[in-house]
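Residue numbering restarts at 1 for every chain, and letters A, B, ... go by the order of the sequence lines.
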Amino acid sequence: MAFATFERGIHPPDKKSLSKESPIRTATSPKRVVIPIIQHIGAPCKLSVKTGQEVKKGEVVALPEGFVSAPVHSSVSGKITAITDISLPTGRVVPAVVIQNDMKETWIDLKEDKDFLTLSPEYLKNKVKEAGIVGMGGAAFPTHVKLSPPKEKPIDVVIINGAECEPYLTADYRLMLERAMDIVNGLKILMVILGVKNGFIGIENNKPDAIQEMQKAVSGDPDIKVIPLEVKYPQGAEKMLIKACVGREVPPRALPMDVGVVVQNVGTAVAVYEAVRFGKPLIERVMTFTGEAVNNPSNLYVKIGTTISDLVSDCGGFKTQPTKLISGGPMMGFAVSNLDIPITKGTSGVVALTEQEISHINKYGPCIRCGRCIEACPMGLMPSMLSIFSEKGFFEEAKAYNLFDCFECGSCAYVCPSKRPIVQFVRLAKSQTKP
Amino acid sequence: MDAAKKHEPFIVTVSPHITSGETTSRIMWSVSLALMPASVMGVYFFGPLSALTLLLSVVSAVFFEYIYQKLLKKTITINDGSAFLTGLLLGLNLPPTVPFYIPIVGSFVAIIITKQLFGGLGYNVFNPALIGRAFLLISFPKLMTIWKEPTSAFIQIDAKTTATPLGILKEEGLGKLIEIYGDTLNLYVQLLVGYRGGCIGETSAIAILIGAGFLLYRGYISWHIPVSFLGTAAIIAWIFGGKGALFSGDPILHLLSGGILIGAFFMATDYVTSPSVKKGQILFGIGCGFLTMLIRLKGGYPEGVMFAILIMNCFSPLIDRGFKTRVFGQVKK
């Protein structure tokens, strides 16, 4: 049987065996957490605490300013020792709240809702919003915004993204194995909020046990279907996933809601469930700490604000020198320079790559027009031309080659025999011209 | 925690952080490797002098690339294998008995004029080896059309000259060709093996196909250009290739003689000078096949592969533009 998929794409080695057998383990509670007050795409937050103040676990430390924003909560109970600027993996410098953990895990009062599926969509959506939930697959777009489509754009499909097409990462896989029912409940809540009848869960076929678990979990529910997907990168990109699951193509520059679809990641579904069922804000997440340089690659349940250095000791340290440290997956993640970077809501994993695993793009050659990138590009672009134009400073010409349709999945740069930093060229061109 | 600190700082670059193992130099060296069967057969049939021609061609191509880059203070890229490949292709497309300066002049034109002056690897409009050969053919028409009779014996001093099958076909017709080889089947067999007059590397169809099979298997070339090229040529040969009546031509003869096989699999498939978009490659191949047969059947030269590919090279950028891939989600107008 041919599995659902999209055109083109690439097949990088998935390296998931490093960590896939490791059950989700709660990470050691760190002595202190560093919580950036902006962890999402959109409007910034306003600090609502002061240095020296005691906070409880789950207490709001920053409130959203504007609709496309999400509140930030403390992931520990303790005392705020400093408010300082730090840089996120993206390079963006934001204020962060440093909290000394008193190790007491004193929660704020949480409001449980046992019969959550009978509640009104507005109430449910508000719970999602107050919990500060953002897309946990990496993009970190505020979830309640996705759940508020304008009236003229009716939604009829919700897709849960269990593709996890990034190599190395296994957090979503473990979630599907261990918390299948919570994911399905999260999906049901999303379907109630959006008033949608059709739910899909798309999972790459290299995770047959996860597909089985999810199928078991939805067996009583004819409205929800599990779709096994071909193993291919970037199968988990929203547009590719929608194409594979329901056959719809999101037009250039448009959003999934333009074709009546909302996509949420597996981890986000769990967060939605926990927020609605237990009133729990998003202060912890499952992520993968892995890579050939790590002694015990693991899937960890981590408090937001835990620094990477804490995870290193939690996973038995490094066995070899990691040359690159990636926040996210190796295809679209961000390289970070040091271990002080905290885990945020959008951190799906941290990958410590050795010299042998990384690409050496400090030396690249001319484009030999082999066309491999064209064969790889899931968006049907000509990355070769984008890189050549951008390299020579012809940014307007790059635009004419659909520059702004590129979502920087990196498939082109992966296959390029000249090792051209095509994504970098694309970003350069994007920064030098207007869509 | 502090123990891990000693590993800092880490390298920071833009994503993606992993890449495939494929490299330009591996591709170039693999194509050269794929040309080895043809080279060996060429030397086997045409003797040690042809080996010297190949050697001179390769060495001078690499030398010219080196000296140009050295003088212009550019990065020396002779290790990427592209100059070696150009030299090898040029040598394989030379007659076996050319004087020593012929491959050197050809390599100069190929590497310096066609490749480097246009911006080096990736920026040349025309296939360097073919421009080198075209230059030689036009400048030294006599020397470039002396065809040595192949011998199975390795040592043979006296080179008997002969005509290429296409030359005979053009001047004296199919009847003469069959007369020389006995019968049609034997003609095909000899052409497959390579027992015929011609350029060093173009005569043994089997050797070329073995190399081509390797490239196809490894994914270094795709079927699009060779199949459309050879298919078009075969159809035209069948329809118009006969004397008198339509549909009486011999497509097999046309595919097995001249330089069409090495041209279709090794020259027209050159990444830099052919279209990058697969659909465009089919049009490119059709154009090559059409022009080859036009020259063979109606032109002044017995063989047209070289000019056909060079003419189509000019169209590659235009074809790529015309066959731009459909952007995901875009509705066709």
Side-chain angles (χ1 to χ4, degrees), chain A residues 12 167 239 243 249-252 254 309-310 312-313 317-318 321-326 330-339 351 353 357-359 361 365-372 374-375 377-382 384 401-402 405 408 410 413-419 421 423-424 427, chain B residues 1-28 30 75 77 80 82 119-124 219-222 224 269-281 316-317 320-321 323-331:
Chain A
K239 290 183 174 185
K243 169 83 178 174
E249 284 197 7
V250 180
S309 56
D310 290 323
V312 176
S313 33
F318 292 124
Q321 168 71 38
T323 307
K324 257 184 174 182
L325 203 61
I326 315 299
M331 290 302 296
M332 284 185 83
F334 295 90
V336 297
S337 68
N338 63 74
L339 297 164
V351 187
L353 298 171
E357 296 166 275
I358 64 164
S359 58
I361 55 171
C367 171
I368 57 167
R369 332 242 166 183
C370 65
R372 282 174 173 74
I374 300 171
E375 291 297 292
C377 181
M379 289 302 291
L381 310 179
M382 292 177 73
S384 50
Y401 274 82
N402 310 93
D405 286 309
E408 302 170 14
Y414 179 84
V415 297
C416 180
S418 282
K419 308 293 159 208
V423 174
Q424 190 162 348
R427 288 195 191 156
Chain B
M1 175 174 143
D2 290 318
K5 278 278 181 195
K6 69 173 191 283
H7 297 286
E8 292 178 355
F10 309 105
I11 294 174
V12 174
T13 65
V14 170
S15 60
H17 307 287
I18 52 172
T19 65
S20 68
E22 203 55 84
T23 62
T24 301
S25 60
R26 201 163 88 180
I27 295 169
M28 296 295 171
S30 298
T75 320
T77 58
D80 70 12
S82 71
L121 180 65
Y123 291 95
N124 48 300
Y220 288 142
I221 60 172
S222 67
H224 301 78
T269 52
D270 170 38
Y271 291 151
V272 177
T273 54
S274 66
S276 308
V277 183
K278 295 287 176 225
K279 280 181 199 159
Q281 291 181 353
S316 291
D320 264 342
R321 200 175 290 194
F323 283 87
K324 243 181 174 179
T325 40
R326 185 188 68 102
V327 175
F328 183 92
Q330 208 169 55
V331 186

Using side-chain heavy atoms (C-beta onward) and a distance below 4.5 Å, is B:Ile18 in contact with A:Pro12? yes
Beyond-backbone contact of A:Arg372 with B:Tyr271, side-chain heavy atoms, under 4.5 angstrom: yes
Do A:Leu381 and B:Val327 have side-chain heavy atoms sitting under 4.5 Å apart? yes
Working to the nearest 0.5 Å, report the span between CD1 of A:Ile326 and CZ of B:Phe10. 10.5 Å
Rounded distance (nearest 0.5 Å) linking atom CD of A:Glu375 with atom NZ of B:Lys278: 5.0 Å
Can you tell which part of A:Phe334 gets under 4.5 Å to a heavy atom of chain B, answering side chain, backbone, both or neither? backbone
Using the ring of B:Tyr123 (Phe, Tyr or Trp, six-membered ring only), decide whether A:Arg369 places NZ or CZ under 6.0 Å from its centre and within 45 degrees of its axis. yes
Would you check if B:Thr13 and A:Gln424 make a side-chain contact, meaning some heavy-atom pair closer than 4.5 Å? no
What is the minimum heavy-atom distance between A:Gly333 and B:Ser15, and which atoms define it? O-CB, 3.5 Å
Contact class of A:Val336 relative to chain B, heavy atoms under 4.5 angstrom: backbone
Residues A:Gly380 and B:Thr325: closest non-hydrogen pair is O-OG1, 2.6 Å
Checking B:Leu121 against chain A: side chain, backbone, both or neither under 4.5 Å from a heavy atom? both
Less than 4.5 Å to any heavy atom of chain B: does that hold for the side chain of A:Pro167, its backbone, both, or neither? side chain
A side-chain contact here means heavy atoms from C-beta on lying under 4.5 Å apart; do B:Thr24 and A:Pro417 qualify? yes
Drop me the distance from B:Thr19's OG1 to A:Met331's CE, to the nearest 0.5 angstrom. 9.5 Å
Would you say the side chain of B:Val14 lies within less than 4.5 Å of the side chain of A:Glu408, judging by non-hydrogen atoms? no
Given a strict heavy-atom distance threshold of 4.5 Å, which part of A:Cys367 is in contact with chain B: side chain, backbone, both, or neither? backbone
Heavy-atom check, side chain of B:Glu8 versus side chain of A:Ser309, under 4.5 Å: no
Please look at A:Cys416 and chain B and tell me whether the side chain, the backbone, both or neither of the residue comes under 4.5 angstrom of a heavy atom of that chain. backbone
Locate the shortest heavy-atom distance separating A:Lys324 from B:Ile11; write the atom from each residue and the value. CG-O, 3.3 Å
Looking at A:Pro366, A:Pro252, A:Gly410, A:Pro251, which makes the most heavy-atom pairs under 4.5 Å with chain B? A:Pro252
Within the side chain of B:Ser276, is there an N or O that forms a donor-acceptor pair under 3.5 Å with the backbone of A:Gly371? no
Value for NZ (B:Lys6) from CG (A:Leu339), rounded to nearest 0.5 Å, stands at 11.0 Å
Does the side chain to side chain contact (heavy atoms under 4.5 Å, CB included) test come out yes or no for B:Thr23 and A:Lys419, once each step is laid out? CA-CA 7 Å; B:Thr23 62; A:Lys419 308 293 159 208; 4.0 Å; yes
Only one of A:Leu325, A:Val351, A:Leu353 forms a side-chain contact (heavy atoms from CB on, under 4.5 Å) with B:His17, so which one is it? A:Leu353
Checking heavy atoms, do the side chain of A:Pro322, its backbone, both or neither come under 4.5 Å from chain B? both
Tell me, for A:Asn338 versus chain B, whether the close heavy atoms (under 4.5 Å) come from the side chain, the backbone, both or neither. both
